[in-house]
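The block underneath contains the structure these notes are about, expressed in structure tokens.
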Amino acid sequence: MTTHQPVNLLNLTPAEALTALREFALSIGEAPYRAAQVARHLWQSPAPTFEAMSDLPGVFRAQLAERFTLPRLALAGEQTSTDGTRKFLFRLADGQAIETVAIPDGKRLTLCVSSQAGCALQCAFCATGAMGFIRNLDAFEIACQVRELAFVSPALNPTNIVFMGMGEPLMNWPAVDRTLTILNNPAGFGIGARHITLSTVGWLPGIEALEARKEQFRLAISIHAPTDALRATLMPVNTKFPLADVIARAARFSRRVTFEYVMLGSVNDADEHAAELAALARSCGAFVNLIPLHPGGTMGFVPSSADRIARFAARLRGARIEVAIRKSRGLDIAAACGQLRAERLRRGPPAPTDQDREVHQAP
Ligand code: SAH
């Protein structure tokens, strides 16, 4: 008899999982329709274990558990803000911790997911960057940030997903690609592509890969400075992919892109920056999201004042650029993305305690 390594069903696309389950059902003489029954419990009606799939015969459940796995992310911490924002810290099998943030807004529930543990890009104001790169997440580790919310009580059902947690999603394309399928496919979570936003520093090969998909996933690009000289001081990746190349790519993108622009007091918030940013946004038809810097920190940046942000926005509007000022959410849970991780994880290199990944709603 051949022995198989158990297959992680949650790291497969819905179509692959169904095929694997059908083959398995056939091989043990179980009715093929049972495969679809199991598949429903992966994403549509998540079950925590095979044993919990009570619509299946007990013997079949036991056979499934020998052949397949349904890994869970361990919930290692949770904080709730007075504004309803909730942060979850998940621990992965190898002990790494990642953060996921749920942001309610009227009928919407936006989930901000992590795509990597740590990040290689070292943006000057971002504390996940200061942690350095630890590793890429597998597809199931990203998709299960959504799946796990079915098991909190009451269950949370996100309507929107933003890849604005820890990591650079377009530097982990194979896993993100697969995750997008799980999120969007009707046999997965069935979340509309226009409700799924990828945020990137402008990692050009990843933008090509995203463009190659037929679904209308949204693209947000972290611009943060309107000139190469300034941007290079904030985002080292600008040396590899300079502003002009990023803007040119955005202009060719088949959908409208969003610029993200974090407002750093006396750094990138002057009137002349607004004029330069307006020219860039106009050249590629971008919508601009102004992001208040999530405060707190020894990284040497201070948030722009509310007045300054309002004036900056007015300048952009005056130049006929569509602009929104993001609301800061979850401020009272001191809860910016790496903070929770830094509090709970006493291993690895010291992480900055002023971590401050603000999470954002999709535009
Ligand atoms: N790597 C991707 C996605 C993760 S970050 C990217 O850079 O776009 C999501 C957004 O949060 C980015 O625009 C990032 O620059 C921004 N961000 C990081 N630290 C922040 C902080 N302290 N305050 C506000 N926004 C921050």
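Just follow the structure's listing: the first ligand is 1, and inside any ligand the first atom is 1. Everything numeric here is computed off the predicted structure, so don't read it as measured data.
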Between [X] and ligand 1, which residue portion shows a heavy-atom distance shorter than 4.0 Å: side chain, backbone, both, or neither?
{"X": "Glu168", "result": "both"}
{"X": "Val262", "result": "side chain"}
{"X": "Leu121", "result": "neither"}

Exceeds 12 heavy-atom contacts within 6.0 angstrom, atom CZ of Arg252: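 More than 12 heavy atoms, drawn from other residues, nucleotides or ligands, come within 6.0 Å of this atom.
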
Quick check on contacts: which atoms of ligand 1 are under 4.0 angstrom from a heavy atom of [X]?
{"X": "His224", "value": "13 (O), 14 (C), 15 (O)"}
{"X": "Gly167", "value": "1 (N), 2 (C), 3 (C), 4 (C)"}
{"X": "Gly165", "value": "4 (C)"}
{"X": "Cys126", "value": "18 (C), 19 (N)"}
{"X": "Phe163", "value": "3 (C)"}

Check: Met164 N/O within less than 3.5 Å of ligand 1 N/O: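 Looking only at distances, the answer is no, because the N/O contact criterion of under 3.5 Å is not met.
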
Ser222, Ser199, Ser328: member with heavy atom nearest to atom 2 (C) of ligand 1: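 Considering heavy atoms of Ser222, Ser199, Ser328, the nearest to atom 2 (C) of ligand 1 sits in Ser199.
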
Winner among Trp203, Phe125, Phe301 once heavy atoms are compared against atom 17 (N) of ligand 1: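 Comparing heavy atoms across Trp203, Phe125, Phe301, the nearest one to atom 17 (N) of ligand 1 lies in Phe125.
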
Beyond-backbone contact of Leu264 with Asp269, side-chain heavy atoms, under 4.5 angstrom: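 Sidechains of Asp269 and Leu264: no contact.
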
Check: Glu168/Thr200 side-chain N/O donor and acceptor closer than 3.5 Å: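 A pair is found: one side chain offers a donor N or O, the other an acceptor, under 3.5 Å apart.
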
Carboxylate-amine/guanidinium proximity below 4.0 Å for Asp83 and Lys327: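 So Asp83 does not pair with Lys327 through a salt bridge.
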
Asp271 and Arg308 ion-paired at < 4.0 Å: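 Yes, Asp271 and Arg308 are salt-bridged.
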
Nearest heavy-atom neighbours spanning Ala143 and Phe189: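 For Ala143 versus Phe189, the nearest heavy atoms are O-CE1, 3.9 Å.
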
Residues which pass ring-ring contact (aromatic ring centres under 6.0 Å, His included) with Phe24, listed by chain and number, not counting sequence neighbours: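 With neighbours one apart ignored, the set is Phe68.
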
Within residues 202-212 or reaching into it, pairs that qualify as side chain to side chain donor-acceptor pair (under 3.5 Å) - sequence neighbours excluded: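 Side chain to side chain donor-acceptor pair (under 3.5 Å) check on residues 202-212 returns Glu208-Arg249, Glu211-Arg249, Glu211-Ser254.
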
